[in-house]
Visitor: 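One structure coming up, written as structure tokens, with questions to follow.
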2 protein chains.
Amino acid sequence: MSKEKASENAAIRLSLYLRYLKEMREETRISSEQLAEFLGTSGARVRKDLSYFGQFGTPSKGYRVGKLREGISKALGLDRVWPIALVGVGKLGRVLLNNLAFEKSRFHIQVGFDVNPNKIGKTVAGVKIYHPYQMPKIIRKQKIHIGMITAPAEAAQESADLLVISGIKGIFNFSSAGVVVPSYVKLKNVDFTSQLEVITCYIVNDQRFHLSRGN
Amino acid sequence: MSKEKASENAAIRLSLYLRYLKEMREETRISSEQLAEFLGTSGARVRKDLSYFGQFGTPSKGYRVGKLREGISKALGLDRVWPIALVGVGKLGRVLLNNLAFEKSRFHIQVGFDVNPNKIGKTVAGVKIYHPYQMPKIIRKQKIHIGMITAPAEAAQESADLLVISGIKGIFNFSSAGVVVPSYVKLKNVDFTSQLEVITCYIVNDQRFHLSRGN
């Protein structure tokens, strides 16, 4: 196993490798070059990406699809179920609740928090809503590791702080405000506007950018 | 102006710099170090990021907030309005239409496409729905540069191909399928599941990752 550390891009590629492998038969063998070709990367990169997370076979002989799939799934944490805590039951929060509340899904919202007294104690899409001050107790008790912030911008940082105090390890921030979290918490800002701005920045300045594949 | 090329991360930081500057008064001056501190990066990185996109003042004297804001806005394409074409008027497509169809917004969905004959010719949130074969004609005529794919996975690549043929320059792919586009088209995959997998990958393998700030 490599002593070097993985980057976020390695995790993204891992997820893409798996998607590709899902369409292949279990007994087949696949070389790192074949896997690389699909993503437009190199065989060396594939071998390195895999080496961060374990030993998946002998690269020189090609990987066995079934074993590789299993190893990557495990590295991605897909061998378990991930309950999620949602903070902010507004418009977007409800969209997420209506789409991500199925208990059988690998990722599902299990509990919601909102300061609005009219929402507290109610159930949305089968998910119970509590006051944010109950976060640490409920999140720890229900062993939740992922939080989603759909609170208004001005409440985003406070929501993040409460999630961190509650022991959350990964945060999706859907609010338009940036939040700061300790480096041991993984933060993803899912800010639509800033993603749109990246695209328009490319369109306006296309000759100033490296050409690269999208992610 | 730098001869070097910008990366996507430079564009993301640009968008974050702007957000920070919006909270400051126009007449103030700000140094690259101050701007850097907010993002946890270095002054040199800020100066380099800015240099890709133009001349925004004299770094040694500090930048004038108003001028810097204006320059960054322009580099991000925020001095104009961006109509968007949406492909796939299903559940998610409707959520986007209901939230992004306001003509006054800088980013707004201006036209929709769907193969379902019951939807063609109808209007959703004020947006007219057409058959995908009309894409090239309508998108060119309406001078649309951004496309969003909310079609089912099996129709994702065809939707992308049609958008590319229509002259679209940036694509948001919300479908769960990966799509391939020419390198001159900027592609953003907004695939929720794969973003969740990146977070769980971190949680499962935390000691195997570089610690880094989220984006």
Side-chain angles (χ1 to χ4, degrees), chain A residues 5-8 10-12 14-16 18-19 52-53 74-78 80 82 91-92 95 99-100 106-107 145-146 169-173 176-178 181 183-190 192-206 208-215, chain B residues 5-8 10-12 14-16 18-20 52-53 74-78 80 82 91-92 95 99-100 106-107 145-146 169-173 177-178 181 183-190 192-206 208-215:
Chain A
K5 300 272 185 165
S7 67
E8 172 159 344
I12 293 171
L14 218 59
S15 161
L16 293 171
L18 183 62
R19 199 164 297 171
Y52 295 128
F53 300 100
K74 213 177 148 190
L76 288 171
L78 304 184
R80 57 188 96 174
W82 294 91
K91 214 167 171 182
L92 178 61
V95 169
N99 286 286
L100 285 173
R106 179 164 297 133
F107 300 108
H145 298 302
I146 301 177
K169 291 174 183 164
I171 294 180
F172 267 72
N173 176 24
S176 59
V181 297
S183 60
Y184 58 85
V185 173
K186 181 64 190 161
L187 172 70
K188 280 296 256 182
N189 287 311
V190 195
F192 212 61
T193 306
S194 93
Q195 293 197 27
L196 275 165
E197 287 175 11
V198 170
I199 287 216
T200 54
C201 187
Y202 265 88
I203 296 177
V204 173
N205 307 280
D206 61 341
R208 288 185 182 160
F209 276 97
H210 284 291
L211 287 179
S212 67
R213 282 167 186 265
N215 60 337
Chain B
K5 301 273 184 165
S7 66
E8 172 160 342
I12 293 170
L14 219 59
S15 160
L16 293 171
L18 183 61
R19 199 164 296 170
Y20 183 69
Y52 295 128
F53 300 99
K74 213 176 147 190
L76 289 171
L78 303 184
R80 58 189 95 175
W82 295 90
K91 213 169 170 181
L92 177 61
V95 169
N99 286 286
L100 284 173
R106 182 164 296 135
F107 300 109
H145 298 302
I146 300 177
K169 292 174 183 165
I171 293 180
F172 267 73
N173 176 25
V181 297
S183 60
Y184 58 84
V185 173
K186 181 64 191 160
L187 173 69
K188 278 298 252 185
N189 287 310
V190 195
F192 213 61
T193 306
S194 93
Q195 292 196 27
L196 275 165
E197 286 175 12
V198 170
I199 288 216
T200 54
C201 187
Y202 265 88
I203 296 177
V204 173
N205 306 280
D206 62 340
R208 290 184 183 160
F209 276 96
H210 283 290
L211 288 179
S212 67
R213 282 167 185 264
N215 59 337

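Just so we're on the same page: letters track the sequence lines, and every chain starts at 1.
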Visitor: Can you say whether I171(B) sits under 4.5 Å from chain A via the side chain, the backbone, both, or neither, judging by heavy atoms?
Guide: backbone
Visitor: Side chains of L78(A) and F107(A): does their closest heavy-atom pair fall under 4.5 Å?
Guide: yes
Visitor: Decide yes or no for K188(A) and N173(A): does some side-chain heavy atom of the first lie under 4.5 Å from some side-chain heavy atom of the second?
Guide: no
Visitor: Side chain, backbone, both or neither: which part of I146(A) has an atom under 4.5 Å from a heavy atom of chain B?
Guide: side chain
Visitor: Please rank G77(B), A11(B), A177(B) by heavy-atom pairs under 4.5 Å with chain A and give me the top one.
Guide: A11(B)
Visitor: Using non-hydrogen atoms only, which part of R80(B) is less than 4.5 Å away from chain A: side chain, backbone, both, or neither?
Guide: side chain
Visitor: For the residue pair K5(B) and Y52(B), what are the closest heavy atoms and their distance?
Guide: O-CE2, 3.5 Å
Visitor: For chain A, which candidate among R106(B), K169(B), E197(B) shows the most heavy-atom pairs at distances under 4.5 Å?
Guide: E197(B)
Visitor: Within the 4.5 Å heavy-atom criterion, are W82(B) and I203(A) side-chain neighbours or not?
Guide: yes
Visitor: Only one of V204(A), V198(A), T200(A) forms a side chain to side chain contact (heavy atoms under 4.5 Å, CB included) with Y202(A), so which one is it?
Guide: V198(A)
Visitor: Need one label for L196(B): side chain, backbone, both or neither, based on atoms under 4.5 Å from any heavy atom in chain A.
Guide: both
